[in-house]
Amino acid sequence: MNSDKIKKGTEASPKRSLLKAMGYTDSQIAKPLIGIVNSYNEVVPGHIHLKDIARAVKDGVLSAQGTPMEFNVIGVCDGLAMGHVGMKYSLSSREVIADSIECMAMAHAFDALVFIPNCDKIVPAMLMAAARINVPSIFISGGPMLSFNDGSTNLDLNSAFEAVGAYMNKTINEEELLRIEQCCCPTCGSCSGMFTANSMNCLCEALGMALAGNGTVPAVYSKRLVLAKTAGEMIMHILHKNIRPRDIMTEKAFINALTVDMALGCSTNSILHLMAIANEAEVCLDLSIVNKISEKTPNLCKLVPAGPYHMQDLDAAGGVYKIMSELNKKGLINTDVMTCTTKKMKENLMEYRPYITTAEVIRPIDEPYSDKGGIAVLFGSLAPCGAVVKRSAVASEMMKHRGPAKVYDCEEDACEAIYSGKIEKGDVVVIRYEGPAGGPGMREMLNPTSAIAGMGLDKHVALITDGRFSGATRGAAIGHVSEEAASKGPIAYVINGDYISIDIPNNRLDLEVATDVMEQRKKTMTIKRKDNLKGYIARYAKSVSSADKGAIIR
């Protein structure tokens, strides 16, 4: 066993004494040592209950004759970090989390790892760490928050963001704003739509790294604890068979994840993260493959923000495995891949028997919402290396759009313009210098997109950025523009009034400016630099890659 390095033989006596200092017995030390990687904290609503999940996991490990040893990692709440300097530390925290897990796992020679993430960057960070460390591993998330039905609609966190725009537009009063604020987040868990956290927790199932239900069983259901105990038991089987993350996260598994991503209509951030995880797993992925998969994968779900359903509805309809079963009817899933159940995906799908109560949430494969997947990558003169849009959340009126640019060099300036009524129907809002290096940290633009939606402009105005979007974003919101402004990408040279053409069906994003004019602008326009950065974020800005490479540390 890997842990023999710290517990076997005469020379390990000092190490055993340190274990005994914490109360471990000889029989506990003799068993496999299972690291429980817990992202519990008292800051993030998706993580506030993870002590209970960890306790259930440890019960499962103990019942299967292992010794659980828990350690914690940080986690940033995107909702709380939104709209200020804190958002620079959201995506960048992904690398800190992965690195810190590597430090703990390599230093302490665990035999296997159980990962307990829940929210946005923590899930991909842990998947990156699992691929990098490559000891037997399994994932069990904390589960999604419930949405709140107020009698007319189901509310969620995005309802509050959009309510701010509606209040600024004077379409609701302060009393209604407060009512939404008090009702929209009724339980612990990851925010209840098909936002980034839930997207990634669902994709853990599609990758084969988590048990069925990982992405959809609500945080407050007893079934979540049962799933956690089962994961604790299962890690011992995975260890016994020596199945490792890179045995599971193969190229075929990533194709499965991208296919499920398209069928579900996941967050655009999922593309960014899958690229980064694949890099750690030494699997070659690039943005061009996204459109190839999207072209042949039907969109089967319309969860918030693309439609009316929430995560508890998806769970009641059969969850991720039900979606994969539908996709498998047309041979769109690679079923011969290994999974964390120690069985191949085809066996898992054959054995899965969900209790379905709301079947309409997942459309049959022959009756999809769209013949194409939920995400598209756009290329063109404005995004030569690609840009990403959640096609399933774009109104039909905005699938093709041409309009004049209104350019802002940061999110705050764009929000001020939107709230003060400076954005008109037909405009294309451009927010630049928000990329991985230029931000730095590639902030999410949920505040401006929610403001646009709240003010009733989401069917008339597009937003383009080298930053990124929350999974809660809806409308013609195009992000991840590469190369970014800070790297002298074309977006750095857009000026007010330039016409931008968006053609999502044909995967195009073009700046209608002559080549000679662009060359002249490159000679006269100055690239803005942030020279006052300090600490971790300064080091991050110097070494982070472009978004099309997954914003990885080079």
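Because only heavy atoms are used, hydrogens play no part in the values below, and waters and symmetry mates are left out as well, while side chains stay in.
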Heavy-atom check, side chain of Met69 versus side chain of Leu19, under 4.5 Å: yes
Side chain to side chain donor-acceptor pair (under 3.5 Å) between Ser190 and Asn198, intermediate numbers included: CA-CA 7 Å; Ser190 49; Asn198 294 326; 2.6 Å; yes
For Pro68 against Lys58, the heavy-atom pair lying closest together: CB-CG, 3.5 Å
Salt-bridge criterion met for Lys121 and Asp78 (N-O under 4.0 Å): yes
Distance-only side-chain donor-acceptor flag, Asn348 / Tyr321, under 3.5 Å: yes
Flag, side chain of Ser141 to backbone of Gly143, donor-acceptor distance under 3.5 Å: yes
Nearest-0.5 Å distance, CG of residue Leu239 to OG of residue Ser137: 10.0 Å
Pairwise side-chain contact, Tyr536 with Ser92, heavy-atom cut-off 4.5 Å (strictly under): yes
N/O donor-acceptor pair under 3.5 Å between Tyr24 side chain and Ser17 backbone: no
Donor-acceptor side-chain pairing of Ser39 and His47 below 3.5 angstrom: yes
Spacing of Phe469 atom CZ and Leu446 atom CG [to the nearest 0.5 Å]: 10.0 Å
Heavy-atom check, side chain of Leu303 versus side chain of Met311, under 4.5 Å: yes
Least distance between heavy atoms, Met442 atom then Gly467 atom: CE-O, 3.7 Å
From CA spacing to verdict: side chain to side chain contact (heavy atoms under 4.5 Å, CB included), Met209, Val123: CA-CA 11 Å; Met209 290 297 294; Val123 187; over 6 Å; no
Lys5 vs Lys15 side-chain heavy atoms within contact, under 4.5 Å: no
Residues Lys31 and Asp111 bridged, charged N to O under 4.0 Å: no
Flag, side chain of Thr335 to backbone of Lys346, donor-acceptor distance under 3.5 Å: no
Tyr89 ring center near Tyr540 ring center (under 6.0 Å): no
Any side-chain donor near an acceptor of the partner, Ser267 and Ser199, under 3.5 Å: no
Minimum-distance pair of heavy atoms, taken over all atoms of Phe161 and Ser450: CB-OG, 3.3 Å
Residue pair Ala486 / Gly438: nearest heavy atoms and the distance that separates them: CB-CA, 3.5 Å
Pairwise side-chain contact, Thr67 with Ile29, heavy-atom cut-off 4.5 Å (strictly under): no
Side chain Arg554, main chain Ala551, donor-acceptor under 3.5 Å: no
Side-chain heavy-atom pair Asn269, His480 within 4.5 angstrom cut-off: yes
Ala485 backbone acceptor or donor facing Asp466 side chain under 3.5 Å: yes
Verdict with reasoning, Asn447 to Met82, per side chain to side chain contact (heavy atoms under 4.5 Å, CB included): CA-CA 7 Å; Asn447 276 342; Met82 196 81 63; 4.0 Å; yes
Lys322/Glu326 ion pair, N-O < 4.0 Å: yes
Straight-line distance of Ile375 CD1 to Ile293 CD1, nearest 0.5 Å: 11.0 Å
Presence of salt bridge, Lys20 and Asp26, under 4.0 angstrom: yes
Side chains of His273 and Thr196 in contact at under 4.5 Å (non-hydrogen atoms): yes
Close side-chain approach of Leu203 to Ser270, heavy-atom, < 4.5 Å: yes
Phe254 CZ to Ile289 CD1 distance, which is reported to the nearest 0.5 Å: 11.0 Å
Minimum heavy-atom distance Lys390-Pro305, with the two atoms named: NZ-CD, 3.5 Å
Over 12 foreign heavy atoms within 6.0 Å of NE2, His240: no
Side chain to side chain contact (heavy atoms under 4.5 Å, CB included) assessment of Thr341 paired with Glu347: CA-CA 10 Å; Thr341 66; Glu347 297 174 82; over 6 Å; no
Donor-acceptor contact present, side-chain Arg246 to main-chain Ala131, <3.5 Å: yes
Asn256 side chain to Thr259 backbone, donor-acceptor under 3.5 Å: no
Between CD1 on residue Ile140 and CG on residue Asn38, distance to nearest 0.5 Å: 11.5 Å
Test salt bridge (charged side-chain N to carboxylate O under 4.0 Å, His left out) applied to Asp336 and Lys252, step by step: CA-CA 9 Å; Asp336 62 341; Lys252 288 183 178 179; 3.3 Å; yes
Interatomic spacing from CG in Leu50 to CD1 in Ile36 - rounded to 0.5 Å: 12.5 Å
Salt-bridge present (Glu11, Arg16; N to O < 4.0 Å): no
Met345 and Met324: CA distance, side-chain angles, deciding distance, side chain to side chain contact (heavy atoms under 4.5 Å, CB included) verdict: CA-CA 10 Å; Met345 186 63 78; Met324 286 196 286; 3.9 Å; yes
Neighbour count above 12 (heavy atom, 6.0 Å) for Glu251 CD: no
Which atom of Ile235 lies closest to which atom of Pro136, heavy atoms considered: CD1-O, 3.7 Å
Asn214 side chain vs Glu205 backbone, donor-acceptor pair below 3.5 Å: no
Any donor-acceptor N or O pair under 3.5 Å, side chains Arg132, Asn134: no
Expected output: side-chain Ser90 to main-chain Gly86 donor-acceptor under 3.5 Å: no
Side-chain donor-acceptor contact under 3.5 Å, Gln312 with Ser147: yes
Short side-chain to backbone donor-acceptor contact, Thr297 and Ser294, under 3.5 Å: no
Salt bridge present between Lys343 and Glu351 (N-O < 4.0 angstrom): yes
Donor-acceptor side-chain pairing of Thr465 and Arg443 below 3.5 angstrom: no
